[in-house]
Number of protein chains: 2
Amino acid sequence: MAAAVHRLIAHDGLDAATMSAVAREAGFSVGLVQHYFASKDELLLFAYERLTADLLARVAARTADGEAAGRSIRAIMLDCLCELLPLDPARRGEHRVSRAFQARAMDVPTAAEVAVATAGVLRGRVAQGIENGKECGETEAATDAELAAVELTALVDGLADLVYREPARAAAAGAVLADRLAAVLPGRCRHYD
Amino acid sequence: MAAAVHRLIAHDGLDAATMSAVAREAGFSVGLVQHYFASKDELLLFAYERLTADLLARVAARTADGEAAGRSIRAIMLDCLCELLPLDPARRGEHRVSRAFQARAMDVPTAAEVAVATAGVLRGRVAQGIENGKECGETEAATDAELAAVELTALVDGLADLVYREPARAAAAGAVLADRLAAVLPGRCRHYD
DNA sequence: GCGATAACCATACGGCGGTACGGCAACCCG
DNA sequence: CGGGTTGCCGTACCGCCGTATGGTTATCGC
């Protein structure tokens with residue numbers, strides 16, 4: 001159901017996600033949609049929450065995989081942050097949906113909460129990773145993890161927009177991201193690698 | 001006229017910028033609006049172009065002022081980039097409008113062109129400033145100006161979103177920006193200061 | 001088994017959006 | 001002077017959207 005919303009927005013923008021269009025796309029009737037969601041706002045909010053939850057879960061999975069493979073924090077983090085870049089058609093679509101909801105979040109307080117919460121979780125995880133780096137020697141002890149996390153998350157946010165607008169600059173974006181990550185986590189882990 | 005569109009979007013979102021609402025806000029009739037703009041798309045596109053032109057002009061003005069005052073490139077650039085952050089109510093409003101149009105740019109090719117062009121000009125100016133820094137000793141000769149410009153513009157983009165979402169983190173955003181700028185332009189100008 | 005509750009549907013309704021159209025005043029140019 | 005172009009207006013039209021509603025089928029507790 002939420003997937004139908006995502007598909008519609010990804011393909012034709014947020015305005016295309018009308019009740020009837022969603023119902024048609026999902027193969028249900030309009031009445032059914034109304035049965036599960038009291039209003040369109042609820043539907044959209046649910047779809048937004050679902051989107052961010054999926055994204056966060058994917059990041060968590062990549063983290064888990066990386067840890068299981070014994071990779072460095074820097075490598076894992078680069079992996080996770082690149083996941084947020086619209087580098088392939090699927091992620092471009094997701095980016096469209098995400099941005100549409102973020103725009104909506106400027107007018108709808110409930111959506112804004114989701115946006116704040118998601119960004120907070122992401123920033124928190126990045127900060128945690130950097131903090132962990134101090135224990136295993138990847139991060140300089142003097143580094144302010146919180147500030148570095150603010151920088152990195154803001155950077156990927158901006159790079160995502162850039163890559164979407166100008167896909168030709170994807171390589172440059174990746175280079176910038178890797179570079180900054182290397183600056184924040186310059187050391188080698190004393191456990192792995 | 002475009003100002004009316006901006007006010008409406010800033011206050012109630014892009015959907016509030018209907019033909020009749022714009023006419024009312026501007027003190028004109030619906031017919032007049034139609035007389036000057038063949039369609040709503042045209043009106044919105046004009047308003048978008050106007051917005052970006054204003055913004056670029058303001059940045060240019062700040063640059064000119066800074067140069068006239070003999071300030072360092074780093075100081076001027078910090079000034080310009082902070083101009084892009086939604087630090088006060090006026091700029092918050094502008095940010096809302098800007099983001100609304102950027103979201104629209106994902107569906108409307110003509111708007112996308114404006115977005116790409118604006119971002120390009122901005123990035124170009126930043127790159128130029130960094131390049132200039134090499135001649136006056138502020139920038140390390142090995143610095144890749146283009147790449148650094150990509151980083152800085154993407155960073156302010158992301159920071160702008162962060163500051164809008166969580167105004168409490170404005171100080172952190174400013175610190176990050178100043179820090180990165182200091183890293184790219186570490187030296188002292190051999191002419192001024 | 002059976003009433004009630006939930007799942008599900010088709011359709012009707014009120015509202016509003018963008019655009020088209022006909023008309024009125026003013027001004028220009030021959 | 002006078003017809004036509006331009007600036008400008010009010011309104012009507014059509015379509016679509018979100019929602020409400022009444023009804024039909026299935027599910028399930030007792």
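Letters A, B, ... are given to chains in the order of the sequence lines, protein chains preceding strands, and every chain is numbered from 1. Side chains are part of it too, since the values below use all heavy atoms of this structure and drop only hydrogens, waters and symmetry mates.
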What's the [atom1]-[atom2] distance between [X] and [N], to the nearest Å?
X	N	atom1	atom2	result
A/Leu43	D/dG18	CG	P	10 Å
A/Gln34	C/dC8	CD	C1'	11 Å
A/Leu32	C/dA6	CG	P	15 Å
B/Lys40	C/dT19	NZ	P	8 Å
B/His35	D/dT5	NE2	C1'	11 Å

Note to self: Counting neighbours of CZ on B/Arg50 that are heavy atoms of other residues, nucleotides or ligands and sit closer than 6.0 Å, is the number greater than 12?
What the structure shows: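 At most 12 heavy atoms, drawn from other residues, nucleotides or ligands, come within 6.0 Å of this atom.
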Notebook entry, point to check: With a 4.5 Å limit on heavy-atom distance, are the side chains of B/Leu85 and B/Arg91 in contact?
Noted result: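 SC-SC contact between B/Leu85 and B/Arg91 ruled out.
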Note to self: If I take atom CG from residue A/Leu14 and atom CG from residue B/Asp107, how far apart are they, to the nearest 0.5 angstrom?
What the structure shows: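 It comes to 9.0 Å.
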Margin query: Taking the basic N atoms (NZ, or NE/NH1/NH2) and the acidic carboxylate oxygens, is any pair closer than 4.0 Å for A/Glu166 and A/Arg169?
Written below: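 Between A/Arg169 and A/Glu166 there is a salt bridge, with a charged N closer than 4.0 Å to a carboxylate O.
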Check: Hey, is A/Arg58 close enough to A/Glu94 for a salt bridge, meaning N to O under 4.0 Å?
Finding: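 A salt bridge links A/Arg58 with A/Glu94.
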Next item on the list: Tell me which residues in residues 7-23 of chain B put a heavy atom below 4.0 Å from DNA chain C, sorted by number, or none.
Entry: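 Under 4.0 Å from DNA chain C: B/Thr18, B/Met19.
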Next item on the list: State whether a side-chain donor-acceptor pair under 3.5 Å links B/Arg104 with B/Tyr48.
Entry: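 There is no such pair between these side chains.
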Notebook entry, point to check: In terms of the nearest nucleotide of DNA chain C, which residue is placed more toward the 5' end: A/Tyr36 or A/Val30?
Noted result: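 That would be A/Tyr36.
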